[in-house]
Protein chains: 2
Amino acid sequence: MSVQERKQRERAERERLIVATARELAEQQGWDAVTTRRLAERIEYSQPVLYSHFRGKREIIGAVALEGAAELAVAVRAAAAAADGPRARVAGLARAYLDFAARNPAVYDALFQLDGGLAFAQEDTLEPLKDAFAALLESLGEVTGDGVDPGLFTEVFWASLHGLATLTRAGRLPPEDIEPRVELLVDRLAVV
Amino acid sequence: MSVQERKQRERAERERLIVATARELAEQQGWDAVTTRRLAERIEYSQPVLYSHFRGKREIIGAVALEGAAELAVAVRAAAAAADGPRARVAGLARAYLDFAARNPAVYDALFQLDGGLAFAQEDTLEPLKDAFAALLESLGEVTGDGVDPGLFTEVFWASLHGLATLTRAGRLPPEDIEPRVELLVDRLAVV
DNA sequence: CTCGCCTGTCTAGCGATGCTAGAATCGAAT
DNA sequence: ATTCGATTCTAGCATCGCTAGACAGGCGAG
């Protein structure tokens with residue numbers, strides 16, 4: 001059965017290629033430029049091959065989103081681990097989150113703006129999404145304060161970061177003033 | 001020149017009809033259902049008529065967004081005027097904002113999610129957009145706290161509301177828990 | 001080694017999209 | 001009543017996501 005194994009390996013490899021190419025194209029020229037024709041041309045296969053891996057364009061977006069969620073969790077945990085004390089951890093987490101959104105706008109869109117057909121905050125929510133939320137909760141739970149549910153606090157803090165990330169990228173907030181915003185948010189929201 | 005005046009009036013009337021119909025259709029079936037063909041059919045004109053009023057679909061979305069910005073400003077000011085004291089004003093403002101987003105999802109999308117071709121936070125930003133921000137600033141300036149720029153504070157507070165609105169509508173946050181989130185946000189961010 | 005089948009891929013095309021050129025029609029002014 | 005300009009419509013383009021059916025190449029059986 002070695003032949004089938006090789007085929008399976010090649011198939012998995014091609015699937016990774018599709019997702020990586022879609023992500024690359026989206027970061028270069030925006031998601032509007034990610035058409036099934038262009039994507040197929042870039043991976044040097046015809047369009048129907050895409051549909052043998054994914055149900056449609058939505059699922060490809062979803063795959064990029066999952067990849068991004070895992071990377072976001074890593075970035076957030078790394079920033080938290082590099083800081084001393086609860087306040088520094090939360091500030092580092094906030095900077096890492098906003099930095100990720102700024103550096104990977106297309107991936108961030110796939111995660112939170114576009115319809116990737118993913119279930120959020122439900123039983124069948126996929127692991128990377130739950131884990132990204134867990135990564136936030138780990139550091140934010142330290143500064144929730146008494147009488148407040150850490151989950152609720154994390155949701156509110158996350159929503160604030162999400163709003164900042166979104167409005168910044170829409171040109172609403174000048175990117176050079178990120179730091180005072182983070183300071184204000186952490187000073188007021190976090191209980192240290 | 002009465003004839004030309006009448007024509008101009010009728011033209012303006014038809015433009016209002018286009019915007020109102022686009023908004024209605026978007027609220028009923030989502031923006032994806034707002035195609036130029038369907039829109040043209042509903043207003044009982046052919047597609048090219050749309051392009052004699054707007055450069056394209058983007059501008060129609062932008063027109064709906066402007067309408068929404070004006071209504072949002074009214075809603076926020078009304079909520080603030082109905083409350084006694086800075087804290088109650090800010091809490092009312094927050095509820096009014098989230099309520100507007102929940103009741104007019106398509107309009108909210110046109111304002112902040114979709115590309116309506118509008119300039120934000122620039123010199124040529126249109127009046128309704130500036131005014132909506134001003135409406136927030138009026139109440140939030142009262143609770144900014146010392147040593148913080150009211151504009152910066154308003155932006156951060158607004159970003160938090162925007163994040164909550166967005167994530168709530170994406171099914172990420174259960175809508176029935178809006179109240180504790182608002183309370184938490186106001187308690188922590190506002191200095192009373 | 002050869003043959004037939006089956007898996008996998010491609011060509012071609014469908015309906016729908018945003019948008020536009022040019023024909024056709026309507027109405028105002030002479 | 002007629003002409004002419006403005007307005008509206010018909011028809012069509014390129015592109016989109018997606019799919020049916022033709023085609024081919026490599027696999028296992030003899």
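These numbers come from the heavy atoms of this one structure, side chains and all, not from hydrogens, waters or symmetry mates. Proteins get letters first, then strands, A, B, ... in listed order; numbering begins at 1 in each.
- Taking the side chain of T35(B) as heavy atoms from C-beta on, and the options dT9(C), dG17(D), dG18(C), the nearest nucleotide is dG18(C).
- In this structure, R38(A) reaches the dC16(D) phosphate: one of its side-chain N or O atoms is under 4.0 Å from OP1 or OP2.
- Atom CG in D32(B) sits roughly 10 Å away from atom P in dT17(C) (whole-Å rounding).
- Under the 4.0 Å criterion applied to side-chain N and carboxylate O atoms, R16(A) and E13(A) are assigned as salt-bridge partners.
- Heavy atoms from other residues, nucleotides or ligands lying under 6.0 Å from CG of D124(B) number more than 12.
- Across the protein-nucleic acid pair, E10(B) atom CD and dT7(D) atom C1' stand 12 Å apart, rounded to whole Å.
- Distances from the side chain of S46(A) to the nucleotides dG13(C), dT11(C), dC9(D) place dT11(C) closest.
- Rounded to an integer number of Å, the gap from CD1 of I43(A) to P of dG8(C) is 16 Å.
- Side-chain proximity of P48(B) to the nucleotides dT9(C), dT10(D), dC19(C) is greatest for dT10(D).
- Distance CD (E41(B)) to C1' (dT17(C)): 15 Å, rounded to an integer number of Å.
- Contact between the side-chain N/O atoms of T36(A) and the OP1/OP2 oxygens of dC18(D) is not found at any separation under 4.0 Å.
- Note that R169(A) lies outside the cation-pi zone of Y108(A), set by a 6.0 Å cut-off to the ring centre and a 45° limit from the axis.
- Residue R14(B) is in sugar-phosphate contact alone, with no base atom involved, counting any heavy-atom pair closer than 4.0 Å across all strands shown.
- No more than 12 heavy atoms of other residues, nucleotides or ligands shown are found within 6.0 angstrom of CD on E44(A).
- Side-chain atoms of Q47(B) stay outside donor-acceptor range of the base of dC9(D), with no qualifying N/O pair under 3.5 Å.
- Classification of E183(A) and R87(A) as a salt-bridged pair holds, one side-chain N sitting under 4.0 Å from a carboxylate O.
- Rounded to whole Å, the distance from CD1 on I60(A) to P on dC16(D) is 14 Å.
- When each of dC14(C), dT8(D), dT9(C) is scored by its nearest atom to the side-chain atoms of R37(A), the top-ranked nucleotide is dC14(C).
- Taking only side-chain atoms of K57(A), from C-beta outward, the nucleotide of dC18(D), dT20(C), dT8(D) with the closest atom is dC18(D).
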